[in-house]
Enquirer: 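A single structure is presented below for examination.
Indexing begins at 1, ligand by ligand and atom by atom, following the structure's order.
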Amino acid sequence: MSKPTPDVYEQGKGMDAHNKVMREIRSRKEASYDPHEPTRVWLDEDNTPDGVKTSLTIILNTGGCRWARAGGCTMCGYVAESVDGGSVSHEALMNQIDVCLEHEAENGDEPADLIKIYTSGSFLDEREVGAESRRAIADTFADRDRMVVESLPDFVDREKIADFTQHGLDTDVAIGLETATDRVRHDCVNKYFDFADFEDACAEAAAADDAAGDDADTGIKAYLLMKPPFLTESEAVDDMISSIERCADVEGCHTVSMNPCNVQRYTMVDELYFNDGYRPPWLWSVAHVLEETADVDAIVVSDPVGHGSDRGPHNCGECDDLVQKAIKDFDLRQDPSVFEQVSCECELTWETVLERERSFNQPLTR
Ligand code: SF4
Ligand SMILES: [Zn+2]
């Protein structure tokens, strides 16, 4: 008779169980998407180590994230937007880039300084974006100032980064770290890697930075997730404050983008929300974390997507736009005094939630 091993014991538990649930939820998705069109593209402004720059943000439609196919992160609905069949050809990827350039030409006054490419996965994973496409995209944007590409830490590699820095492009790799706390990343987000892997990726970026000399700078932009499922409001706030402090201490990580969780379709968060088990964070929590961490040695920004709606980060409905505006002001100026100018009666409710909400009675408010 076979003996149970710890691996067998773990089957159906922990990450295995999360993945099983997420696979089932994602399989309900029916839509499919055209591989010749980007998922989204828009123009904006961004705070970078060289100041505020005009930016073109591109969400490339690649085959989707490998981890999402295994089940994936509890809050991430991106796979629902990826292409059926799981891979996109070089030609189709370049068609997507052309669509983005047309969008920029039609809507911007001049070419954006900063190009940000997200893929609902990892731009540096060659199963999603092959070396040929990566180099062609680097050539296309060679005349810009700065690039941001998204990747999981495993795929961060000094030679891939050199495809961009060789054109003199300052290059940042955006990593969805979500939190510096391994326990929260594993058990609440269901993301497989450790903080140590993030530190290794930062070291790889630092090596790429050295290799490029004075021609170009390379760094890491850490993306954090405020309030994954299963954390109370106060646990989420504490987790973000310590995560921002830990990221800012890692060499090579110059920016932290702390983003409140929103409820996306085809996710575990959506199931919990539907069954009254999840409330996105308060905007007061976002403001509080930014205020508390204003003195760390990194740029800290936040972009509350879907602010003011039930499925996005929100306060009482009356003050959401004002607080959101203060957060956007903070992003550009890094001055915590912007939050002194906003107040609302619902702050008292938020403070009570911080004090009284426990895992067994959450969410305490809507
Ligand atoms: S958050 Fe990133 S790693 Fe997680 S499933 Fe989504 S795309 Fe994949
Ligand atoms: Zn309010």
Enquirer: Side chains of T74 and N190: donor-acceptor distance under 3.5 Å anywhere?
Expert: no
Enquirer: Determine whether the side chains of H36 and N61 contain a donor N or O and an acceptor N or O closer than 3.5 Å.
Expert: no
Enquirer: Quick check against the 3.5 Å criterion: does E128 have a side-chain atom that pairs as donor or acceptor with the backbone of S122?
Expert: yes
Enquirer: Could you work out the complete set of other residues in the hydrophobic cluster of L332, with links drawn between I, L, V, M, F, W and Y side chains under 4.5 Å apart?
Expert: V52
Enquirer: Strictly under 2.8 Å, is atom 6 (Fe) of ligand 1 approached by any N, O or S atom of C76?
Expert: yes
Enquirer: Hey, what else clusters with I299 if you join Ile, Leu, Val, Met, Phe, Trp, Tyr whenever side-chain heavy atoms sit under 4.5 Å?
Expert: V301
Enquirer: Mind checking ring pair (Phe, Tyr, Trp, His ring centres under 6.0 Å) for F123 and listing every partner two or more places apart, or none if nothing turns up?
Expert: none
Enquirer: Side chains of D187 and H18: do they bring a donor and an acceptor to under 3.5 Å?
Expert: no
Enquirer: For atom 3 (S) of ligand 1, which candidate among R26, M75, K191 holds the nearest heavy atom?
Expert: K191
Enquirer: Hey, which protein N/O/S atoms does the Zn ion (ligand 2) have under 2.8 Å?
Expert: C316 SG, C319 SG, C344 SG, C346 SG
